[in-house]
Amino acid sequence: MKALGLMVVVVVGALLLYAVGDFPAWGDPQSPASQHEISRHFITQSIPETAVPNMVTAVLADYRGYDTMFETVVIFTAGLAIIGILGMARLTDRESLKPMAETRPGDRDMIVINTCRQVIPIMQLFAFYVVAHGHHSPGGGFQGGVILGASFILWAIARDLPTALQGIKPRRIVFLAALGVVIYAGTGVLSLAMDAKLLDYSALHGFLPPAPADAVPNEIMARSHGMLIVEIGVAFTVSAIMFGIYTYLSSMGRLKGGL
Amino acid sequence: MDIFQDIVIARFNYWIYVILMMVGLHAMIVKNNLIKKLIGMSIFQAAIILFFVSVGVKDGATIPIVSHHGHAEESAETWHSVDPGHPDEGAVHDHGHHEINPDRHANPLPHVLMLTAIVVGVATLGVGLAVSQKIYREYGTLEENELLEKLRSNDG
Amino acid sequence: MADHAPAILLIAPLFAAILVSLAGIRRPARRRIPAAPSDEPTIGGKPFESSEFPQFKEDKVCFMLTLAALTVSLVAALTMLGQVIEGGAIRYFVGNWSAPLGIGIELRVDHINALVLVMISTVALLAAFYSHHRVEEETSGRTSQYYTMFLLCAMGLMGMTVTGDAFNLYVLLEVAALSGYALVAMGDKRASVAAFNYIIIGTIGASFYLLGVGYLYIKTGSLNMIGIREIIAEQGLAESKTIQVAFILILVGVFIKMAFFPLYAWLPNAYTHAPSTSACLMAPLVTKVSIYIMVRMMLTVFGPSFAFDAIGWGDAVVLLAAIGIIASSLIALAQTELKKMLCFLVVAEVGYMVGGAWLANHHGMVGAIYHILSDGLMTLCMFLGASILLFKTRQTSISGLVDLYRKMPLTMAAFTLGMLSMIGVPPTCGFFSKYFLIRGGIEAGQWLYVVALLFSSLVNAILFFRIIEKAFFGELPAAETGHGHAAQGHHKDEASVIDEAPLSMVAPLAIAAVGLLFIGLNTREIVTVIEQTLNVLALTGGGG
């Protein structure tokens, strides 16, 4: 087995390196990928067309928003898959709310708990900032959602899992995750309802109050706001599923005890 | 040698990613413990992500975000702030007082693609860990050879 | 509304999946039976504990939502087929970003994928019908999560087929793959090990595909399938090493996903130990969609002239396909378990299609695409029939299928029709696919491939006549008893009373069997539709 593995690795590595001479040098601004009009269009047109300075967010949530929608579905699928594989027959809350039978010494560690008490609200505030400022600085739904989910996990590590689950019950995890996907896909479907293409946020310009003459026109601002809405949806799903994955994996599906 | 300079030094980022990827692939195939296989899978996917991100790099370019605090984007090598009134070659106007030069910003597309790939990698890792926990629950072992022994002895 | 059919096709299962997942959250109104002192969960087979909740209500809701969503998808697919036949390829730019080409994501439906979409939605709908009876028992009560995964898998497969963007295909590939891993892992005890292997090997395949797309991107700068083709043509990149390696990487990744010999090791275990409903959804579809991806890459992204000439490995692939057909047919002969035997036959069928596509001539490609459609239905028919038979006879081996023609006439009639199609008896569709493939093989001079096809038909005949003989003439061995616990309906407590399966299980099987005849009888029309796109893609006829 070891010999076979080594052989496969050498063959595949050789195949991949065979083409290296053909690649553009690292950082070459004249490389085909950089010179292509798609890349140039993203860089130069993201503000005129979407009013969002962060090009990565503009591409992620608007130009290639369809991909991001399915990426949210991937996270949702993974969370539900883990619940389905490890979970017990019904999602109820009582099971997880029974008090821990034995507490290990050190569970009431004052330093850890109080430090977390100070840090977690700041983490969550920062997470909201990252989501909301995805348009102007590095950030967005995924990044903010992960920070938010990490804050819940930190609480679960500091105290214990059932305590954290009292705040976010298992069924609420699935509900939040589903809500996030509904927000995202719902925005897309709203465009469909306006007889525009799927995920065409500019079709939603009717929801905005009429813009003054010299400001950015509503069609473009609708794209910017549409992006914010879907990023919020993504943040919901990501934070809920991150915490859900943690609860199920750390407790082997039993939802009590755990790390 | 010239060829060495050309192929290895100028393109060393590709060599790094291939070596990492082969380390991950080797782990996935050869290792006995299920968790080690999953770690190999994680390394494998991380290498691909590195490859894509390195494709988007441009010499002398800054992040793909247009800063709008009153001064236009700065080149990474020069440390003076560019005068807003200075038109740039091949630049595009936005709001009338910034110019966006495509060569001054890194390519945003690989970053977007890799956000997706990172998420997919995490999701697959999560599902893999859940399945290995289920295996442990049912068979009591995570070593592949012991697992095969148990399966063989159970078959009847 | 009809303009947005490509979007509706996917949105319907997505929303249904969300609603189904929410249906699994219920406020517990009364206390459940207190958990046993040992908190060890029970897995597989036995329900976790009998809930005082009326649990059938949740199952009904999930089932209805699934059926509704898949019906909407089927209608959307049929609408698109009509639109394509009348007006040529549909190009739908999500978010309305159409120019320059490639800044947005394009959904592109031409004749080939319109047909494949109809097949996928039909198979998914029929498998969902079958599932209603079996889900509760097979997944020990995790019905809503199961149906969520079911819908997401079907959505992922359809999304892969409808897209015109190379990276979007990867994302949907992963959606289908992740839900597939979960669908397999929710099975019996051995399913988890099979699922783990599937995860490792499937991730390697998908990552190779992603790497290939990356190599394409680094040289062309575009992710849109048509855009990539245009740039390769304009800049004469067909000689470039990067593009060649990209082609190889993408194809190897797809070969892994379709269980092409010798990369098939994950398939038999995964589909044998998965819950029967998962196997009925995934076995017909996952491999066929991977073959569709291969055809799409060969014809649309790289172009026939590149695919067949640039690397010059067409002969090697056909050789490998022929060896694969022969090897998997032989292994199938040696199997005693019904489902495992069918899995090896699936691997052989994959060999048919890959070999046919790589023959580099018109009939081979038509045969391969036609076989995608016919084999999807054939595999569904086989797996549905096998699942029903194994469910009713309460065991997993071929030798236990005794005396069934008398006891389950409708099931066996439909199953026999499917068996005849696998062997290649006219007028079922199996005959016509073999006709095209053999004709293409002869024209291309690939004699080993033709021999392999004929050998495989012979082996199928042996295998299936063995079953037919057992089911028609066989007798129970004397000591056979033990259909003790009457868990589902119709059993009495006596040993050998087996009667017809419930309608919700037999109806999809019957429809699938009739579908085989329907496709076979309409071969001429279907082939005309396929040829319309092939002519557009300028596939040269004649020898390789």
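Keep in mind the model is a prediction, meaning the values are calculated, not measured. Proteins get letters first, then strands, A, B, ... in listed order; numbering begins at 1 in each.
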Q) Where does A:Y201 contact chain C at under 4.5 Å (heavy atoms): side chain, backbone, both or neither? A)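 Looking at A:Y201, nothing touches chain C.
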
Where on [X] is there a heavy atom nearer than 4.5 Å to chain A: the side chain, the backbone, both, or neither?
X: C:F15; result: side chain
X: C:Y170; result: neither
X: C:V171; result: both
X: C:L14; result: side chain
X: C:L211; result: side chain
X: C:L183; result: neither
X: C:D3; result: neither
X: C:I11; result: side chain
X: C:L172; result: side chain

Q.
Between C:Y181 and C:F196, does the ring pair (Phe, Tyr, Trp, His ring centres under 6.0 Å) criterion hold? Intermediate values first, please.
A. CA-CA 8 Å; C:Y181 304 150; C:F196 191 85; over 10 Å; no

Relative to chain C, which of [options] shows the most heavy atom pairs under 4.5 Å?
options: A:A196, A:G188, A:A177; result: A:A196
options: A:L199, A:L15, A:V181, A:I38; result: A:I38
options: A:V12, A:V73, A:V189, A:L16; result: A:L16
options: A:K197, A:E49, A:R172; result: A:K197

**Q.** Any donor-acceptor N/O pair, A:T187 side chain to A:I183 backbone, under 3.5 Å
**A.**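 Pair found, side chain donor or acceptor close to backbone of A:I183.
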
Q: Assign the ring pair C:W313 / C:F247 to parallel, tilted or perpendicular, where the plane angle (0 to 90°) is split at 30° and 60°.
A: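 C:W313 vs C:F247 ring planes: perpendicular.
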
Q) Is the closest side-chain donor-acceptor distance between A:E231 and A:H135 under 3.5 Å? A)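 No, because no side-chain N or O of A:E231 sits under 3.5 Å from a partner of the opposite role on A:H135.
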
Q: Tell me, with the steps shown, if C:D165 and C:R108 meet salt bridge (charged side-chain N to carboxylate O under 4.0 Å, His left out).
A: CA-CA 9 Å; C:D165 181 281; C:R108 199 168 169 280; over 6 Å; no

Q. Roughly how far apart are C:R142 CZ and C:T148 OG1, rounded to 0.5 Å?
A.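 Result: 12.5 Å between the selected atoms.
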
